[in-house]
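Down below is the structure, laid out as structure tokens.
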Amino acid sequence: MPELPEVETVRRTLENFVKNKRIRHVDVFYEKMISNDVQSVLIGKTIEKIDRLGKYLIFNLGSHDLIVHLRMEGRFFLKPYDEPRDKHEHVIFYLDDFTMRYHDTRKFGTFDLRIKEDTYKTPPLSLLAKDPFEIDANLFYERIKRKNQAIKTVLLDQKMILGLGNIYADETLFRSKIHPAKKASTLTKKQTKLIIENAKDILRESIALGGTTIRTYTSSLGVTGRFQHSLGVHQKLNEPCPNCQTLIEKQVINGRSSFYCKTCQKR
DNA sequence: CCCGTGCCCTGGCGGC
DNA sequence: TGCCGCCAGGGCACGG
């Protein structure tokens, strides 16, 4: 599941190859992903650059932006024009001299076209909070105090704090020694600041290692992340805690699997 | 407004 | 070996 570090890795890698390339043609094999009118706008546009906001990629096409969310399994591959289509390739962009193909086994990914002026003024991007690098700790604490949800749920809420998904939320709470089911409103200011600092550290470390390659999600373009070797608790049910050897437990919180050490992480 | 639930989708896995 | 049912999960719609 690509979170901020994985999406940043994709952005950096992909931009190297497709920057200043023109979209000559687009084939869509799953209509729910891109509608016909969107498709026609894309043709003839040049990919000027690729930005990222949280887990969204923003392809700058001059007058328009194409906003892409990879969700769980979305990936881009670069292939020659004549390479046969894989059954999970749902959108093929024919660029100047090769194709950029959107591959997504679960078809959860999304494409949204906006005229440039609207990109950051309209949903989904207009609704997003700031990421851990930009967020104001005092304001975040004020908002967290009024939340009746578990802190894990709050960290996954992109309107509260941007860029964390299930992996990095679990790891942030582990490093902060806070139980994922702890009510957000009971956190101290000190704990809130600790969460932000640890989230920054973890995201930075992961970006430096090319993200996390776990289970379903491997990046494309030959990039294999290495942060999975740094994980403390996520997906480590019944493995010993790296701090105290207590076996890692799992609890479903608001429908999301949450891994934690019951000894290190206080409720 | 706030919060919880179900949905989207399909490969992979456990159980028999 | 084969088949069935269930699970994973980010964001959003919906309902209490």
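Just the heavy atoms: all of them, side chains too, but no hydrogens, waters or symmetry mates, feed the values below. So that the names make sense, note that chain A is the first sequence line, chain B the second, and so on, each numbered from 1.
Summarising the geometry, the separation between CG on A:Leu127 and P on C:dG11 is reported as 11 Å, rounded to the nearest angstrom. In this structure, A:Glu89 places its CD atom 16 Å from P of B:dT10, rounding to the nearest Å. A:Arg75 has its CZ atom 15 Å from the P atom of B:dT10, to the nearest Å. Between the CD1 atom of A:Ile144 and the P atom of B:dC3 there is a distance of 12 Å, rounded to whole Å. C:dG11 atom P lies 8 Å from atom CG of A:Leu162, rounded to whole Å. Rounded to whole Å, atom P of B:dC3 lies 12 Å from atom CD1 of A:Ile151. Per the geometry, CG belonging to A:Asn254 stands 15 Å off C1' belonging to C:dA8, to the nearest Å. Rounded to an integer number of Å, the gap from A:Leu156 CG to C:dC12 P is 14 Å.
Heavy-atom nearest nucleotides on DNA chain C were determined for A:Pro124 and for A:Asn166, and the one closer to the 5' end corresponds to A:Asn166. The residue among A:Phe108 and A:Lys159 whose nearest nucleotide of DNA chain C is located toward the 5' end is A:Phe108.
Distances shorter than 4.0 Å separate none of the side-chain N or O atoms of A:Lys147 from OP1 or OP2 on B:dG4. Contact annotation: A:Lys107 side-chain N/O to B:dT10 OP1/OP2 distance is under 4.0 Å. Considering only side-chain N and O atoms, A:Lys55 lies under 4.0 angstrom from the phosphate OP1 or OP2 of C:dG11. Side-chain N/O atoms of A:Gln158 include none lying less than 4.0 angstrom from OP1 or OP2 on C:dG10. Residue A:Gln149 has a polar side-chain atom (N or O) positioned under 4.0 Å from OP1 or OP2 of B:dG4. The shortest distance between the side-chain N/O atoms of A:Tyr56 and the OP1/OP2 oxygens of C:dG10 is not below 4.0 Å. Considering only side-chain N and O atoms, A:Ser257 lies under 4.0 angstrom from the phosphate OP1 or OP2 of C:dG9.
Here the side chain of A:His88 is nearest to one of C:dC12, B:dC8, B:dG11, namely B:dG11. The A:His69 side chain lies nearest to C:dG11 when the options are C:dG11, C:dA8, B:dT10.
Taking the ring centre of A:Tyr30 as origin, the terminal cationic atom of A:Lys32 falls outside the region bounded by 6.0 Å and 45° from the ring axis. No cation-pi contact links A:Arg75 to A:Tyr102, judged by a cut-off of 6.0 Å to the six-membered ring centre and 45° from its axis.
When the side chains of ILVMFWY residues are joined at heavy-atom separations under 4.5 Å, either directly or via intervening members, A:Ile178 and A:Ile135 end up in a single hydrophobic cluster. Note on A:Val41: it clusters hydrophobically with A:Ile34, by side-chain heavy-atom contacts below 4.5 Å among ILVMFWY residues. There is no path of hydrophobic side-chain contacts, each under 4.5 Å, that joins A:Leu162 to A:Leu203.
Pair assignment for B:dC13 gives C:dG5, based on Watson-Crick or G-U wobble hydrogen-bonding distances that are each under 3.5 Å.
A:Thr153 comes within 4.0 angstrom of nothing in the nucleic acid, heavy atoms only. Among the protein residues, A:Asp104 comes within range of no part of the nucleic acid, since none of its heavy atoms lies under 4.0 Å from any strand. In this structure, A:Lys152 reaches neither bases nor backbone, as no heavy-atom distance under 4.0 Å exists between it and the strands shown.
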Ring pair (Phe, Tyr, Trp, His ring centres under 6.0 Å) between A:His103 and A:Phe76, intermediate numbers included: CA-CA 6 Å; A:His103 180 289; A:Phe76 283 101; over 10 Å; no

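Judged by distance alone, with hydrogens and angles left aside, A:Arg106 brings a side-chain donor or acceptor within reach of the base of C:dA8, the pair sitting under 3.5 Å. Between the side chain of A:Arg71 and the base of C:dG9, no donor-acceptor pair under 3.5 Å is found.
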